[in-house]
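One is the number of the first residue; the rest follow in order along the sequence. Computation of the quantities below employed the complete heavy-atom set of this structure, encompassing side-chain atoms and omitting hydrogens, waters and symmetry-equivalent molecules.
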Amino acid sequence: MSNNGTRWPRKQLILVGAIAMLGPAATAATAAQQGNDLFPANASGEQIYRASCSACHGSDGKGQSESVVGFPPAIPDFSDCNFASREPDADWFAVIHDGGPVRAFDPMMPAFGDALTDEQIQAALDHVRTFCGDDSWPRGELNLPRALVTEKAYLEDEAVLTTLVAAEGPGSVATVAIFEKRLGSRSQLEVSLPLVVRDTGEPEGWQSGFGDLDIGYKYVLLHSLRSGSVFAVGADVVIPTGAEQLGFGRGTTVFEPYLALGQYLLWDAFLQLQTVVEIPADSDLDTELLIRSALGRTWTAGRWGRAWTPMIELLAFRDLHGGAELNWDLVPQLQVTLNKRQHIMANLGVRLPLNNTDRRNTLIVAYLLWDWFDGGLF
């Protein structure tokens, strides 16, 4: 999402095990009695992991069997890059520090916050990161929050319902169902279809129908945790399934190649950029250039609580023919996580035209997002 919400499947409920030197059934409470001086100051992350985690997770990170650990929930495989690469350190750290319930996972995952210092937890986590040996998978820290309009460069497994309501002018409501499926380490397939309800005027009045079907593909070209950057290319094909005479579709196939960039900035802020060219198959229609940008920052309630992300988007677009005017829109918005797992999120904003307001109306825009890789909807 970025969001820094945890995205783990239900079957992968246990992040860190009990203290190996005390046996697989040991709890974090028992470990805490040893105090934070359980390890010498120069202990390596591997030493801390082997003593604190390997009893359940194994020395290779693949997870011990039920016959060894004595409880049935499947233990995640840290060497599975598809699972291990998705989450930022902050979410793994939260579960290690406060136990499974902090992210609505199984309480069999104990809390180590009283047994290990923050530095020791981070050292063990750094060692866990070595189990995924494939650097082609972008890290979860690069998963920036989803803006209302700007396409992000990171790859997701998500379902999103986006609703646009006309705040002025003729009545209109469009709800867009979006499905995103990640394909391996660098690719994503996306399908979206709008359902439109609008006042078409007398004598027809209110009419409803589907809009144009959009099928897209995205590929991450570059990503760097060190620089906080992720860069992707993509393309959408918009198929004219909507009724053009009712204003539900454009009446022609449109090809939309784009570039997308995500970048962390100072003070935990972030910037997202997208450049799109809309090329209609009908040569009588104009090609359009769109430039989208989103600037924001995430705050949390307490150390591990609900995440709030105010963002503002600046959108610019114009037809690529002589004399066409450049249009500008501003989209202030607020995204918030809705549950402990932080894989259900909502965003609410308003799209405000900054020029040509006599021809372009204000829109209220909102979405509900479910990162289905992380767990069930409820």
Of all the heavy-atom pairs spanning [X] and [Y], show the shortest one and how long it is.
X: Cys56; Y: Ile75; result: O-CD1, 3.2 Å
X: Asp77; Y: Phe83; result: O-CD2, 3.6 Å
X: Val220; Y: Pro138; result: CG1-CG, 4.2 Å
X: Ala232; Y: Ala153; result: CB-O, 3.6 Å
X: Arg351; Y: Val365; result: CB-CG2, 4.3 Å
X: Arg297; Y: Asp268; result: CG-O, 3.5 Å

Compute whether any side-chain donor of one residue and acceptor of the other, for Tyr154 and Gln188, lie under 3.5 angstrom apart. no
Return yes if a side-chain donor-acceptor contact under 3.5 Å exists between Gln122 and Asp126, otherwise no. yes
Salt bridge present between Arg250 and Asp212 (N-O < 4.0 angstrom): no
According to a hydrophobic-cluster definition based on side-chain heavy atoms being under 4.5 Å apart (Ile, Leu, Val, Met, Phe, Trp, Tyr only), do [X] and [Y] belong together?
X: Tyr367; Y: Ile178; result: yes
X: Leu315; Y: Leu354; result: no
X: Val128; Y: Trp137; result: no
X: Val233; Y: Val230; result: no

Side chains of [X] and [Y], heavy atoms from C-beta outward: is any pair under 4.5 Å?
X: Arg146; Y: Glu158; value: yes
X: Leu368; Y: Ile344; value: yes
X: Leu273; Y: Ser293; value: yes
X: Phe78; Y: Cys132; value: no
X: Leu148; Y: Met311; value: no
X: Tyr217; Y: Val237; value: no
X: Val191; Y: Leu213; value: yes
X: Leu326; Y: Asn355; value: no

Decide whether a cation-pi geometry holds between Arg86 and Phe373; the criteria are a distance under 6.0 Å from NZ or CZ to the six-membered ring centre and an angle within 45° of the ring axis. yes
Taking atom CH2 of Trp299 as the centre, does the number of heavy atoms from other residues, nucleotides or ligands within less than 6.0 Å exceed 12? yes
Tell me whether Asp135 at atom CG has more than 12 heavy atoms from other residues, nucleotides or ligands lying less than 6.0 Å away. no
Gln333 (side chain) donor-acceptor with Val331 (main chain) under 3.5 angstrom: yes
Apply the test side-chain contact (heavy atoms from CB on, under 4.5 Å) to residues Leu314 and Ile312: give CA-CA distance (whole Å), side-chain angles for both, the deciding distance (0.1 Å), then the verdict. CA-CA 7 Å; Leu314 181 62; Ile312 188 162; over 6 Å; no
Holding to side chain to side chain contact (heavy atoms under 4.5 Å, CB included), I want the full list of residues that pass it with Ala294, two or more places apart in sequence or in another chain. Ala147, Thr150, Gln272, Glu313
